[in-house]
Engineer: 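Before anything else, here's the structure in question.
Atoms considered below: every heavy atom in the structure, side chains included; atoms not considered: hydrogens, waters and symmetry mates. We count residues from 1, following the sequence as given. Since this is a predicted model, take the numbers as computed values, not measurements.
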Amino acid sequence: MNPIGRRLRRRYLGVLGVCLVSILVITSCGSDGANEKVVYQDLSTGVVGDMSDDAPSRGGQISYATYNGVSSLDPAARQDGGATGGTEMAAIYDLLIRYDLESREYVPQLGESLSGNDDSTEWTLTLRDGAKFNDGTPVDADAVVWSINRYVEKAGTHAQIWSTSVADSVARDSSTVVFSLKQPWNEFPSMLATGPGMIVAPSAEDGGQFTPVGAGPFTVDKFSPQEELILSARPDYWDGAPNVDTVRFPAIVSEPGKLETLQAGGIDLAYLRYPDNVHAALDAGLPGLVYSASMGGVGLINQREGRAGADLRVRKAIVAGIDPEAFDTRFSNGLGLPSSSLFQDWSEWDSDVEPSGYDPEAARRYLDEAKADGYDGKLTYVGMADVQKDALAFQAMLNSVGFDVEIDYVPNINALLNAVYVKNDYDLLYSGFNVLDESPFTRLYGNLHSKSKSNVLGYADPQMDGLLADLQTAGDKQQRQSVLDEIQMLVNETAPMVTIDAGRYYIPWNDNIHGIIPSSDGILLFNQAWRSGN
């Protein structure tokens, strides 16, 4: 069996370029004393700013205002990316495997090693000796298998991919778990760096009610859903007691509010998603983590039976009627990464296949054809009442080619999720797929496979299902690129969504914060974090 690093290093080299301070300078003085600004569009994933080589100091608290406050501490009951609770869950439950940005490899975290056989159909996980849950019980193979099975049974975010990909998870002995796959999959380690790899203790369900018992470096001290989460350091964590005493996650919704609070010293880190706020943080010279995702901005088209988008001509008219550049100007003040391509030129998977995109004459032609068969041209766009810029941009562009777009504003994110995921009551909205270069299959499957429960589009195409199967089993970069090219061509033909822009997100922190370890998808690990000046 090949070690995980040896197997994956070749395949992931070049996926993520790390921005070091020697390459990217936040503020540098020229001869006239002026400060040079960072070029947002030229950033690549990695840490921006100096990393301290000083000996860590101990004690104190670190506060991090994430994208949105968590409402549950169960990793099986929520999205588990860095923007949606992944960092909080990793602090409580740890990750079996993490993604190392510098080496571009999946490396051990709570697990001691992971290795796959020659065709990537069997993966062997070895656990660390002496690792314990915060209830004092050992993190052994039986507990890991129990936790993963529970995650799948409770339909966690990646449960469906796990079920369709993994035939069996077996505790070979107390420190070894063997995963037998239904088909080759060399991206399998990515699963253990997210929800399935966040290990819950069996005692978490004692008494019939879930309690957060995990193997991570922190335990729950206080939890007020959507308000505040405070975690306390574990002295018996397998990698030693964390440097800080507590980590606090206050719920601050406004991004400008987060940035102001960060600069005033009220918090230590902030998750920023929108380009204008990212630019403001970079212009302020704040160090932090940049990470990028393809298809960070996507116009979702509901194509279920009975919706306007069920007609291919309507979908093609929508795609041809949206100008990514104009949307970027209206929504992001011209500061984003607009493109109709699934993967842009900064991505490992940039394609030579030209995307179908903005073409207002074609949009009118497709729409006229649909209207000739009785379509009235009406669309309902669902948007957030406190944002509106995306809704108004879609409305203006589509109305200009002959649509009649009505906007349904909802009061909050929960109402939006209910309309989209529960009721499927929308024609259009602006969202994102956030496809990661290191594991493109996972989110493409989640959003485009006909059997995926995360497929809010209602898109069902047997050819796409076959291409996604080919993408999962692709043995090398060339094969994977070939499949992704075919996916771009099929997206051109079937118009399941409008590709508008990529996501480039920034998590700035104050310059007295050190030792934060980034993983994949914006998940941060705090077990070695520390603050100077205590």
Engineer: Indicate whether the side chain of W238 and that of D129 have a donor and an acceptor atom separated by less than 3.5 Å.
Structural biologist: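 There is no such pair (donor and acceptor under 3.5 Å, judged by atom type) between the side chains of W238 and D129.
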
Engineer: What is the distance from atom OG1 of T87 to atom CD1 of I92, rounded to the nearest 0.5 Å?
Structural biologist: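 These two atoms lie 11.0 Å from each other.
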
Engineer: Report yes or no: does E228 contribute a side-chain atom to a donor-acceptor pair with the main-chain N or O of S224 at less than 3.5 Å?
Structural biologist: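 No: the side chain of E228 does not pair with the backbone of S224.
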
Engineer: Looking only at non-hydrogen atoms, find the nearest pair between I97 and V107 and report the distance.
Structural biologist: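 Minimum heavy-atom separation between I97 and V107: CG2-O, 3.3 Å.
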
Engineer: Cation-pi check, R443 to F433: give yes when NZ or CZ is under 6.0 Å from the six-membered ring centre and within 45° of the ring axis, no otherwise.
Structural biologist: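 The answer is no, since R443 fails at least one limit relative to F433.
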
Engineer: Do L524 and I517 come close enough that some side-chain heavy atom pair is under 4.5 Å?
Structural biologist: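 Not in contact.
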
Engineer: In Å and rounded to the nearest 0.5 Å, what is the OH to OH distance from Y271 to Y506?
Structural biologist: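 Going from OH on Y271 over to OH on Y506, the span is 13.5 Å.
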
Engineer: Between E105 and D100 (side chain of the first, backbone of the second, donor and acceptor by atom type, cut-off under 3.5 Å), is there such a pair?
Structural biologist: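 Between the backbone of D100 and the side chain of E105 there is no qualifying donor-acceptor contact (under 3.5 Å).
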
Engineer: Could you go step by step and tell me if S120 and W185 meet the side chain to side chain contact (heavy atoms under 4.5 Å, CB included) rule?
Structural biologist: CA-CA 5 Å; S120 298; W185 189 16; 5.6 Å; no

Engineer: Scan Q160, K182, Q472, E187 and name whichever one has a side-chain hydrogen bond (donor to acceptor under 3.5 Å, both in side chains) with S165.
Structural biologist: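 Per the side-chain hydrogen bond (donor to acceptor under 3.5 Å, both in side chains) rule, the option paired with S165 is Q472, out of Q160, K182, Q472, E187.
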
Engineer: Check whether R58 reaches the backbone of P242 with its side chain - one donor and one acceptor, N or O, closer than 3.5 Å.
Structural biologist: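 At least one qualifying donor-acceptor pair exists.
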
Engineer: With a 4.5 Å limit on heavy-atom distance, are the side chains of T66 and E88 in contact?
Structural biologist: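 A side-chain contact exists here, since the closest heavy-atom pair is under 4.5 Å.
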
Engineer: How about D390 and L429: do any of their side-chain heavy atoms sit closer than 4.5 Å?
Structural biologist: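 In short, these two side chains do not touch, never coming nearer than 4.5 Å.
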
Engineer: If you look only at pairs with a residue in residues 131-176, which of them pass as a ring-ring contact (aromatic ring centres under 6.0 Å, His included), with sequence neighbours excluded?
Structural biologist: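 Matches after skipping sequence neighbours: W162-F179, W162-F188.
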
Engineer: Using a 4.5 Å cut-off on heavy atoms from C-beta on, say whether the side chain of L192 contacts that of P189.
Structural biologist: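 Not in contact.
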
Engineer: Please evaluate residues N134 and Y93 with respect to the criterion side chain to side chain donor-acceptor pair (under 3.5 Å), reporting the C-alpha separation (whole Å), side-chain torsions for both, the decisive distance (0.1 Å), and the verdict.
Structural biologist: CA-CA 9 Å; N134 66 280; Y93 305 103; over 6 Å; no

Engineer: Classify the angle between the aromatic ring planes of Y505 and Y291 as parallel (below 30°), tilted (30 to 60°) or perpendicular (above 60°).
Structural biologist: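 Rings of Y505 and Y291: perpendicular, as their planes differ by over 60°.
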
Engineer: Any idea which heavy atoms bring A293 and L436 closest together, and the distance?
Structural biologist: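 Closest approach of A293 to L436: CB-CD2, 4.3 Å.
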
Engineer: Using a 4.5 Å cut-off on heavy atoms from C-beta on, say whether the side chain of S63 contacts that of Q61.
Structural biologist: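 Sidechains of S63 and Q61: in contact.
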
Engineer: Quick one: does N510's side chain have a donor or acceptor within less than 3.5 Å of a partner on N512's backbone?
Structural biologist: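 Absent.
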
Engineer: Determine, stepwise, if the pair Q183 / T121 fulfils side chain to side chain donor-acceptor pair (under 3.5 Å).
Structural biologist: CA-CA 6 Å; Q183 58 270 333; T121 57; over 6 Å; no

Engineer: Would you find more than 12 non-hydrogen atoms of other residues, nucleotides or ligands less than 6.0 Å from K222 atom NZ?
Structural biologist: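 No, NZ of K222 has 12 or fewer neighbouring heavy atoms, counting only those of other groups under 6.0 Å.
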
Engineer: Taking all non-hydrogen atoms of both residues, which atom of V410 and which atom of A415 are closest, and how far apart?
Structural biologist: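 So the minimum-distance heavy-atom pair works out to CB-CB, 3.9 Å.
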
Engineer: For S175, is there any backbone N or O sitting under 3.5 Å from a side-chain donor or acceptor partner on D173?
Structural biologist: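 It does hold such a pair.
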
Engineer: Keeping the roles fixed (side chain from T261, backbone from G257), state whether a donor-acceptor pair exists under 3.5 Å.
Structural biologist: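 It does hold such a pair.
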
Engineer: Could you note down all residue pairs passing ring-ring contact (aromatic ring centres under 6.0 Å, His included) where residues 195-231 supplies at least one of them, sequence neighbours left out?
Structural biologist: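 Applying ring-ring contact (aromatic ring centres under 6.0 Å, His included) to every pair that reaches into residues 195-231, excluding sequence neighbours, yields nothing.
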
Engineer: List the atom of D140, the atom of L127, and the distance in Å for their closest heavy-atom pair.
Structural biologist: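 Closest approach of D140 to L127: C-CD1, 3.4 Å.
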
Engineer: Hey, could you give me the CG/CG distance between N447 and N434, rounded to the nearest 0.5 Å?
Structural biologist: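 It is 9.0 Å, given to the nearest 0.5 Å.
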
Engineer: For G85 and V70, which heavy atoms make the closest approach, and how far apart are they?
Structural biologist: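 Closest pair (atom of G85, atom of V70, distance): CA-CG1, 3.7 Å.
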
Engineer: Answer yes or no: is there a donor N or O on one side and an acceptor on the other, between the side chain of Q303 and the main chain of I301, under 3.5 Å?
Structural biologist: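 Yes: the side chain of Q303 pairs with the backbone of I301.
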
Engineer: Say whether Y99 and D521, considering side chains only, have a donor N or O and an acceptor N or O under 3.5 Å apart.
Structural biologist: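 No, because no side-chain N or O of Y99 sits under 3.5 Å from a partner of the opposite role on D521.
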
Engineer: Short question: side chain of S452, backbone of G446 - any donor-acceptor pair under 3.5 Å?
Structural biologist: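 Yes, S452 side chain to G446 backbone: donor-acceptor pair under 3.5 Å.
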
Engineer: Do you know which two heavy atoms are closest between A204 and V213, and how far apart they sit?
Structural biologist: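 Scanning both residues completely, I find the closest heavy atoms to be CA-CG2, 4.1 Å.
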
Engineer: Could you check R531, K258, R248 and say which one makes a salt bridge (Lys or Arg N to Asp or Glu O under 4.0 Å) with D268?
Structural biologist: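 Of R531, K258, R248, salt bridge (Lys or Arg N to Asp or Glu O under 4.0 Å) with D268 is met by R531 alone.
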
Engineer: Measure the spacing between CG of L342 and CG of L444 and express it to the nearest 0.5 Å.
Structural biologist: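 If I round to the nearest 0.5 Å, the distance is 7.5 Å.
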
Engineer: Scan side-chain atoms only and decide if N186 and R480 contain a donor-acceptor pair under the 3.5 Å cut-off.
Structural biologist: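 Yes, side-chain donor-acceptor contact under 3.5 Å.
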
Engineer: What's the spacing between I523 CD1 and T194 OG1 if we round to 0.5 Å?
Structural biologist: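 I523 CD1 to T194 OG1: 5.0 Å, rounded to 0.5 Å.
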
Engineer: Is the backbone N or O of Y426 less than 3.5 Å from a side-chain atom of N302, with the two atoms forming a donor-acceptor pair by type?
Structural biologist: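 Yes: the side chain of N302 pairs with the backbone of Y426.
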
Engineer: Answer whether the closest heavy-atom distance between the side chains of N455 and L448 falls below 4.5 Å.
Structural biologist: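 A side-chain contact is absent here, since even the closest heavy-atom pair is not under 4.5 Å.
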
Engineer: Does some side-chain heavy atom of V200 sit less than 4.5 Å from a side-chain heavy atom of E205?
Structural biologist: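 E205 vs V200: side chains apart.
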
Engineer: Taking atom CG of L416 and atom CE of M384, what is their separation to the nearest 0.5 Å?
Structural biologist: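 If I round to the nearest 0.5 Å, the distance is 6.5 Å.
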
Engineer: Check the pair W509 / I516 against side chain to side chain contact (heavy atoms under 4.5 Å, CB included), numbers first and verdict last.
Structural biologist: CA-CA 10 Å; W509 51 71; I516 292 169; 3.9 Å; yes

Engineer: Which is it for I199 and D94 under the side chain to side chain contact (heavy atoms under 4.5 Å, CB included) test, yes or no, and what are the steps along the way?
Structural biologist: CA-CA 7 Å; I199 303 304; D94 218 340; over 6 Å; no

Engineer: What do the steps show when you test V387 against Y430 for side chain to side chain contact (heavy atoms under 4.5 Å, CB included), and what is the final call?
Structural biologist: CA-CA 11 Å; V387 180; Y430 180 64; over 6 Å; no

Engineer: Would you find a donor on one side and an acceptor on the other, under 3.5 Å apart, between the side chain of N243 and the backbone of Q528?
Structural biologist: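 The answer is yes, because a donor-acceptor pair under 3.5 Å joins these two groups.
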
Engineer: Centre of W346's six-membered ring, under 6.0 Å away, within 45 degrees of the axis: is that where NZ or CZ of R504 sits?
Structural biologist: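 Output yes; distance and angle both within limits.
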
Engineer: Among residues at least two apart in sequence or on other chains, which ones pass side-chain hydrogen bond (donor to acceptor under 3.5 Å, both in side chains) with S174?
Structural biologist: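 Not a single residue meets the side-chain hydrogen bond (donor to acceptor under 3.5 Å, both in side chains) criterion with S174.
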
Engineer: Tell me, yes or no, whether the heavy-atom count around D221 atom CG, taken from other residues, nucleotides or ligands under 6.0 Å, exceeds 12.
Structural biologist: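 More than 12 heavy atoms, drawn from other residues, nucleotides or ligands, come within 6.0 Å of this atom.
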
Engineer: How about W349 and S294: do any of their side-chain heavy atoms sit closer than 4.5 Å?
Structural biologist: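 The answer is no; the side chains never approach within 4.5 Å.
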
